[in-house]
Amino acid sequence: MNNTPGKIRIATTSLAGCFGCHMSILDIDEKIIDLVELVEFDRTPLTDIKEIGECDIGIIEGAVANSENVEVLQEFRKHCKTVVAIGACALNGGIPAMRNHYSLEECLKESYVDGMGLDKPLIPSDPELPMILNEVHPVQDVVKVDYVLPGCPPTADMIWDALTALIEGREPSFSLDEVRYD
Amino acid sequence: MPTFTLDQQTIEYNPGDTIMEAASRAGIYIPHLCYHPEFTPHGSCRVCVVSVNGRYVSSCTTPASENLDVTNISEAVQQHRKQLLEMLFVEGNHVCPACEKSGACTLQSVAEFCGMLSPTFSFQYPNRPVDASHPDYMLDYNRCINCELCVRASRDVDGKSIFGLSGRGHEAHLVVNSEDGLLGSSNFDKNDRAASICPVGVILPKHQGFNKPIGKRLFDETPINEQMVEPQR
């Protein structure tokens, strides 16, 4: 995909998330037609582009739970002028970070050794697999974040308000009833 | 009646009132966590901070007096509150999407009101096991903010002194007054005042999790600042 002059370039990714935030992006419904007039999507699950190019806005869903998450996040920071972290997992670790109360060994054993209905208990160790971090981290632990959108997920309206503000060069601001953490 | 000024408004007060009491009576919301009209002010959460003649004080413990010039809602005051709230969020495990109290939680609602989008401090992810020993109630210490409302309710209303804070400073934490420290071994009862006082999701009734759908919860339709009276929990 070539860069179209005058269009804002956006990349998105889901790290340790459930893709709920991406579903919420799609929840802007027909406004997505207005959006594609203004923006062009770079690396995102919506385009299936694998390598990120130079972008204006990078949207991060999900927490940082493995070495691939770290790499992707650092790539986004390097290539995006503005990084926006969205959703509870990206902001505070969310549900994935609830494993931080247990050691990584305990988590792996519970899933792959002692879990119910396992045919051949075995902790995966293929070198192709990303290394799992000892603790799940919010995005702000790894890179500088420019803007945050709370919520699980943030509403489509909040994402739309923030995106249009950034595209128009305004500071995003939210009304009292837009801000919620669940 | 004597008066003082709060955000350019003239507020009447009765001698002996705190700033918080006079403001509440006038229908003005000052964000707070550990203050509750039924109990002696505690002054520990500091979220009810206001600027009085240029000095920051807690409004729940500062007596109202003639000619005070109080600022409740300003960017500077809200910024102080936000920082206090951020610290509370990172010191515990406040996973709103997974919490039964979400939507009816005072900590959550106050933080949203004060404009906190997300904590900027490092999360500490403390390890605090859940106490599910009682047949009717559970204790999820992950969400405790040490407000001592349950301590005061159990001591002053129920006459049981089931709850207390132990440890100092950062080590301070809620404990149960029973031989093994478990709620199930105490004489805690579901009809105690302490059972319905927790502003966050620590003291929770069992067998009714998530019984109110999103949209119907305490603060869903009416935000906390519009619920002038202390909400029924």
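What's counted below: heavy atoms across the whole structure, side chains too, no hydrogens, waters or symmetry copies. Quick note on labels: first sequence line is chain A, next is B, and so on, each numbered from 1.
- Neither the backbone nor the side chain of B/D220 comes within less than 4.5 Å of any heavy atom of chain A.
- Within 6.0 Å of CD on B/Q124 lie more than 12 heavy atoms contributed by other residues, nucleotides or ligands.
- Looking at heavy atoms from C-beta onward, B/M116 lies out of side-chain contact with A/V179 at the 4.5 angstrom threshold.
- Separating the CG atom in B/L117 from the CZ atom in A/F174 is a distance of 6.5 Å, to the nearest 0.5 Å.
- Counting heavy-atom pairs closer than 4.5 Å to chain A, the top residue among B/A111, B/C105, B/P223 is B/A111.
- For the pair B/E112 (side chain) and A/Y181 (backbone), a donor-acceptor distance under 3.5 Å is present.
- More than 12 heavy atoms of other shown residues, nucleotides or ligands fall within 6.0 angstrom of atom CD in B/Q208.
- Between the CG atom in B/N93 and the CG atom in A/N100 there is a gap of 8.5 Å [rounded to 0.5 Å].
- A pairwise comparison of heavy atoms in A/D182 and B/G103 identifies OD2-N, 4.3 Å as the closest pair.
- A/E71 CD: 12 or fewer foreign heavy atoms inside a 6.0 Å radius.
- The environment of B/K82 atom NZ is dense: over 12 non-hydrogen atoms of other residues, nucleotides or ligands sit within 6.0 angstrom.
- To the nearest 0.5 Å, atoms CD (A/Q140) and OG (B/S122) are separated by 6.5 Å.
- When heavy atoms are compared at a cutoff of 4.5 Å, A/V136 approaches chain B solely by way of its backbone atoms N, CA, C and O.
- When every heavy atom of B/A98 is checked against every heavy atom of A/I95, the shortest pair comes out as CB-CD1, 3.5 Å.
- Within a 6.0 Å sphere centred on OH of A/Y112, other residues, nucleotides and ligands contribute 12 heavy atoms or fewer.
- Counting non-hydrogen atoms of other residues, nucleotides and ligands closer than 6.0 Å to CD of A/E168 gives a total above 12.
- In this structure, chain A has a heavy atom under 4.5 Å from the backbone of B/P126, while its side chain stays farther away.
- At distances below 3.5 Å, not a single donor-acceptor pair connects side-chain atoms of A/E135 with backbone N or O atoms of B/Y125.
- Under the 3.5 Å distance criterion, with hydrogens and angles disregarded, no donor-acceptor pair is assigned to the side chains of B/H94 and A/N92.
- To the nearest 0.5 Å, atom CG of residue A/L91 and atom SG of residue B/C96 are 11.0 Å apart.
- Counting non-hydrogen atoms of other residues, nucleotides and ligands closer than 6.0 Å to NZ of A/K78 gives a total of 12 or fewer.
- If you measure heavy-atom distances from A/Y102 to chain B, you find no contacts under 4.5 Å at all.
- Only the side chain of B/F123 comes within less than 4.5 Å of a heavy atom of chain A; its backbone N, CA, C and O stay farther away.
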